[in-house]
Amino acid sequence: MTENQDPIIRLTDVSKFFGEFQALKSVNMEVQLGERVVVCGPSGSGKSTMIRCINRLEEHDAGRIVVDGKELTEDMGNILAVRREVGMVFQQFNLFPHLTVLRNLTLAPMRARKLSLKEAEEVAMQYLERVQIPDQANKYPSQLSGGQQQRVAIARSLCMKPRIMLFDEPTSALDPEMIKEVLDVMIELAREGMTMIVVTHEMGFAKTVADTMVFMDHGEIVESAPPSDFFTAPESERTQLFLSQILSH
Amino acid sequence: MNRTQVRRWWRLSQQSPWIATLQFLIFMALVMWVVLRGAAEMGYQWQWYNIPEYLWKEYKGELYPGQLTKGLMVTLEMTFWCTIFTLLVGLITALLRMSNSWSGSLLATIYLEVVRNTPLLVQLYLFYFVLSPIFGVDRFWTGVICLTFYEASFVAEIIRSGIVSVDRGQWEAGDAVGLSRRDAYRFIVLPQAVPLMLPPLTGQIINLIKHSAIVSVIAVADLTTEGRNIIADTFMSFEIWFTVAGIYLVITLTLSVFVTWLERRVRVRT
């Protein structure tokens with residue numbers, strides 16, 4: 001990645017309050033096209049809130065967020081445009097339980113991208129093959145395992161052909177034996193050069209794919225560094241403490 | 001028999017279907033006896049044989065509806081229109097209440113509070129004596145409009161709670177893939193919310209049928225009014241009121257059975 005290129009995501013002094021509680025305290029971050037960022041930190045540190053601000057599932061209260069040249073404001077047109085460029089994978093999958101896997105994947109391309117049913121189904125099958133479950137296309141989400149559901153969720157996001165993918169603790173709700181199949185899909189995606197921001201505690205995954213590690217605590221970005229520096233020589237004491245807790249077992 | 005024995009006997013009686021049936025029959029017999037005895041003491045003349053002609057009439061081999069049946073038709077017709085308008089007003093109110101527009105949500109809240117906290121009878125008088133003359137609406141439609149606004153206040157809450165009970169993650173997933181709010185309602189939220197709403201909505205229609213009897217005070221020719229008219233002519237108050245109540249029961253119980261069936265179906269599907 002080139003350093004002097006305009007970042008595809010830029011957060012400038014972003015703050016967010018939930019009532020009295022300040023979830024984000026003037027966060028600054030830049031993500032380049034094709035960069036893989038892994039965000040970690042203790043629970044309640046604001047990592048989910050930060051990435052949820054990037055596709056405006058949460059509204060930031062102060063500062064500026066610019067995604068792919070579009071600033072997130074009240075302007076609904078801008079918000080929809082950004083959301084169509086940004087895919088998101090949730091901890092709880094959030095598949096549509098009343099629709100088959102295939103309909104889960106074709107709904108947004110047909111409604112938001114105006115693809116025909118045939119086009120949308122082609123795209124959907126292509127991505128189901130990439131996450132290796134094309135044979136489940138006509139099942140309902142509840143008939144799949146957790147790992148399969150999360151892979152469907154990833155495929156659903158990819159069907160919109162996003163330029164950026166956000167992952168909000170994608171493996172936290174999974175049984176241990178299913179974590180790998182989801183991480184494999186994400187590693188594959190990273191290899192293809194997708195711009196990704198991943199909130200996760202999977203440090204093995206982070207070491208494999210991350211260009212940049214971000215550590216957050218109490219709503220602030222405490223440290224941001226390439227993984228080589230981050231894991232071997234963290235600067236801040238809070239980062240050291242967190243890493244020792246998470247890597248010791 | 002000491003206390004423990006009594007208790008044991010009581011517990012046994014709770015379990016045995018025979019004893020339960022016996023208890024039921026004794027109770028019903030007692031009620032019947034009280035009614036018949038009371039009627040006899042008043043010198044009431046039972047004329048059940050006169051009832052069928054108010055249900056149907058035969059003329060030259062063809063059947064014609066009797067007075068009560070005609071009244072029932074009016075009740076059903078009212079229920080039909082009320083149901084349609086109630087769902088519409090209820091849906092709009094629910095959406096307004098949940099909308100981001102504060103004027104919309106204030107309007108909906110005021111409507112709900114006013115309608116739920118004044119007696120239905122007073123609302124009916126207001127509609128009949130104030131609004132109907134102003135807008136020139138006849139009795140039947142006055143009744144329909146008044147009942148609609150009354151029932152819709154409950155339906156709005158049923159619809160709202162159905163929508164609210166759809167997991168927030170579903171909205172977020174819809175937002176995240178770039179669906180508009182309208183599409184999210186149409187393709188994600190309502191298809192999940194409607195099966196949850198159906199049983200309580202049907203229950204509300206049963207209420208609607210019962211509440212519709214109140215239009216007899218503005219002389220709409222519904223089942224209750226016809227009952228009153230017949231009594232005014234014949235003084236058969238006992239038989240007619242039993243019959244009228246029976247007709248309401250048949251209709252509402254049929255709907256209840258339908259609701260139970262619906263609830264079971266909805267539960268199987270999810």
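Every chain is numbered from 1 and lettered A, B, ... according to where its sequence line falls, protein lines coming before strand lines.
Contacts with chain B were tallied for A:N55, A:L166, A:N94; A:N94 has the most, counting heavy-atom pairs under 4.5 Å. Between chain B and the options A:V89, A:L57, A:V82, heavy-atom pairs under 4.5 Å are most frequent for A:L57. Comparing A:E85, A:R52, A:M88 by heavy-atom pairs within less than 4.5 Å of chain B, the highest count is held by A:R52. Options A:M76, A:R84, A:M160, A:R56 differ in how many heavy-atom pairs under 4.5 Å they form with chain B, and the most are formed by A:R84. Of the listed residues (A:G87, A:P109, A:P97), the one with the most heavy-atom contacts under 4.5 Å to chain B is A:P97.
Here the CD-CG distance, from B:Q192 to A:L99, works out to 7.5 Å after rounding to the nearest 0.5 Å. Distance CD1/A:I79 to CG/B:D175: 9.0 Å, rounded to 0.5 Å.
No part of A:R113 comes within reach of chain B, as not one of its non-hydrogen atoms sits under 4.5 angstrom from that chain. For chain B, the nearby part of A:E58 is the side chain; its heavy atoms alone come within less than 4.5 Å. There is no contact between B:R182 and chain A, counting heavy-atom distances below 4.5 Å. Using a 4.5 Å cut-off between heavy atoms, A:F90 touches chain B through its side chain atoms alone.
The environment of CE in A:M125 is crowded: more than 12 heavy-atom neighbours from other residues, nucleotides or ligands sit within 6.0 Å. Annotation for B:D138: atom CG counts as buried by contact number, over 12 foreign heavy atoms lying within 6.0 Å. Residue-environment remark: CZ (B:F135) stays at or below the threshold of 12 foreign heavy atoms within 6.0 Å. Dense packing is recorded around NZ of A:K114, with more than 12 heavy atoms of other residues, nucleotides or ligands lying under 6.0 Å away. Surrounding NZ of A:K70 are more than 12 heavy atoms belonging to other residues, nucleotides or ligands, all under 6.0 Å away.
Within the 3.5 Å criterion, the main-chain N or O of B:F187 finds a donor-acceptor partner in the side chain of A:H98. Between the A:R111 side chain and the B:L179 main chain, no donor and acceptor come within less than 3.5 Å of each other.
Residues passing the side chain to side chain contact (heavy atoms under 4.5 Å, CB included) test with A:Q148 are A:I133, A:Q136, A:L144, A:S145, A:R151, A:E181, sequence neighbours excluded. A search for ring pair (Phe, Tyr, Trp, His ring centres under 6.0 Å) contacts involving B:F80 returns nothing, not counting sequence neighbours.
The interface of residues 139-174 of chain B with chain A, defined by heavy-atom distances below 4.5 Å, comprises B:D167, B:R168, B:G169, B:Q170, B:E172, B:A173, B:G174. For a heavy-atom cut-off of 4.5 Å, chain A lies close to no residue in residues 243-251 of chain B.
Side-chain contact between B:V177 and A:R83: absent, with no pair of heavy atoms (C-beta onward) separated by less than 4.5 Å.
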